[in-house]
Amino acid sequence: MKLIGSGAEALIFLDGKRVIKKRIKKNYRIDELDLALRKNRTRTEAKILEKIPVDAPKLFKTDMTETLEMEFISGEKIRDVLDHNPLLAKEIGLKTSILHDAGIIHGDLTTSNMILKGEKIFFIDFGLSFFSEKIEDKAVDIHLFKQALESKHYKISDEAFKHFLNGYKLTKDYEQIIHRLKIVELRGRYKKK
Ligand SMILES: Nc1ncnc2c1ncn2[C@@H]1O[C@H](COP(=O)(O)OP(=O)(O)OP(=O)(O)O)[C@@H](O)[C@H]1O
Ligand SMILES: [Mg+2]
């Protein structure tokens with residue numbers, strides 16, 4: 001078993017074709033809170049992986065506490081390839097619309113949480129996901145993606161976001177979500193001051 005990554009919260013091991021994602025204890029958090037958070041995120045991720053309507057790793061096993069075993073998606077992180085191929089954002093938009101139409105909010109929609117395998121884009125990292133049909137939650141999800149583009153892909157962010165919307169526009173309530181996105185963005189701006 002070899003360590004292939006350590007994200008914000010989890011250690012990622014590769015064991016053959018399996019990925020083992022283990023949410024480790026954070027010492028700066030009170031014990032009970034820490035366990036509750038890890039349990040919650042692990043269960044959420046398992047639940048979403050079982051129901052996900054877009055390409056995502058297959059879930060093999062979970063202890064429902066801190067560990068998930070899933071399919072290893074061999075490919076390139078979208079973060080590493082988007083600058084050379086901004087049109088990939090259209091497919092990301094389309095997949096996000098499918099997620100949102102299924103009432104799933106990703107919660108951490110960044111280009112580190114997507115993998116390009118062949119022609120397909122896989123979504124990963126569902127620890128912050130939740131079920132919601134609210135326009136506000138969908139708008140915030142998209143706002144996070146837009147911010148991720150602006151910080152990690154600033155050279156192509158405008159172009160990529162246009163492609164994203166082009167794919168996303170098939171979603172139900174598109175106009176309302178975009179209207180709400182503008183309000184979310186204004187709110188963000190006030191907060192910074
Ligand atoms: N199923 C998988 N197949 C291939 N690579 C993976 C897989 N799961 C995770 N990875 C790699 O490990 C990295 C970290 O995983 P992930 O994003 O799930 O953890 P994290 O950011 O710590 O998550 P969380 O916010 O839920 O704590 C990913 O960016 C990706 O490179
Ligand atoms: Mg991640």
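Along the sequence shown, residues carry numbers from 1. Counting convention: from 1, in listed order, for ligands and their atoms alike.
- With hydrogens and angles disregarded, a donor-acceptor distance shorter than 3.5 Å links the side chain of Asp141 to the backbone of Gly107.
- Within the 4.0 Å heavy-atom shell around ligand 1 one does not find Gly5.
- For ligand 1 and Pro57, the ligand atoms under 4.0 Å from any heavy atom of the residue are 1 (N).
- The nearest N, O or S atom of Ser112 is not closer to the Mg ion (ligand 2) than 2.8 Å.
- Backbone and side-chain nitrogen or oxygen atoms of Lys77 are examined, and one is located within less than 3.5 angstrom of a nitrogen or oxygen of ligand 1.
- Between Thr110 and Met114, the closest heavy-atom pair is O-CE, 3.6 Å.
- Nearest protein heavy-atom neighbour of atom 5 (N) of ligand 1: Ile115 CD1, 3.6 Å.
- Inclusion of Asp108 in the first shell of the Mg ion (ligand 2) is not supported: no N, O or S atom falls under 2.8 Å.
- Evaluated by nearest non-hydrogen atom to atom 1 (N) of ligand 1, the leading choice among Lys22, Glu71, Lys117 is Glu71.
- In Ser112, the part holding a heavy atom less than 4.0 Å from any atom of ligand 1 is the backbone.
- Taking the six-membered ring where the residue is Trp, His100 and Tyr168 present perpendicular rings, their angle passing 60° and hence far from 30°.
- Cluster annotation: Phe72 is connected to Phe126 through the hydrophobic network of ILVMFWY side chains, with a link wherever side-chain heavy atoms come within less than 4.5 Å.
- The main-chain N or O of Asp108 is found under 3.5 Å from a side-chain atom of Asn113 such that the two form a donor-acceptor pair.
- With hydrogens left out, the protein atom closest to atom 14 (C) of ligand 1 is Ile12 CG1, 3.7 Å, a heavy atom.
- Using a 4.0 Å cut-off between charged nitrogen and carboxylate oxygen, Asp83 and Lys152 do not count as a salt-bridge pair.
- A salt bridge links Glu136 to Arg180: one of the charged nitrogens lies within less than 4.0 Å of a carboxylate oxygen.
- Between Ile73 and ligand 1, an N or O atom pair is found at a separation short of 3.5 Å.
- Checked against a 3.5 angstrom limit, the closest N/O atoms of Ile124 and ligand 1 fall outside it.
- Near Met70, meaning under 4.0 Å from any of its heavy atoms, are these atoms of ligand 1: 1 (N).
- Interface atoms of ligand 1 facing Asn113, defined by a heavy-atom separation under 4.0 Å, are 17 (O).
- Note that CD1 of Ile121 and CD1 of Ile73 are 13.0 Å apart. Values are rounded to the nearest 0.5 Å.
- Residues Arg23 and Glu66 are not paired through a salt bridge, judged by the lack of any N-O separation under 4.0 Å between the basic side chain and the carboxylate.
- Taking 4.0 Å as the cut-off between side-chain N and carboxylate O, Asp158 and Lys162 do not count as a salt-bridged pair.
- Contact annotation for Glu9 and ligand 1: heavy atoms of both the backbone and the side chain come within less than 4.0 Å of the ligand.
- Looking at Thr42, Val19, Ile78, Asp125, it is Val19 that brings a heavy atom closest to atom 7 (C) of ligand 1.
- Close contacts of ligand 1 with Lys21, meaning ligand atoms under 4.0 Å from a residue heavy atom, involve 16 (P), 18 (O), 19 (O), 23 (O), 24 (P), 26 (O).
- Atoms of ligand 1 found under 4.0 Å from any heavy atom of Phe72, numbered from 1 in the order shown, are 3 (N), 4 (C).
- Heavy atoms from other residues, nucleotides or ligands lying under 6.0 Å from CG of Asn85 number more than 12.
- Rounded to 10 degrees, the OD2-metal-OD1 angle spanning Asp125 and Asn113 at the Mg ion (ligand 2) equals 80°.
- Ionic pairing of Glu45 and Arg41 is not present here: no N-O contact between side-chain nitrogen and carboxylate oxygen is shorter than 4.0 angstrom.
- Neither the backbone nor the side chain of Leu128 has any atom closer than 4.0 Å to an atom of ligand 1 (non-hydrogen atoms only).
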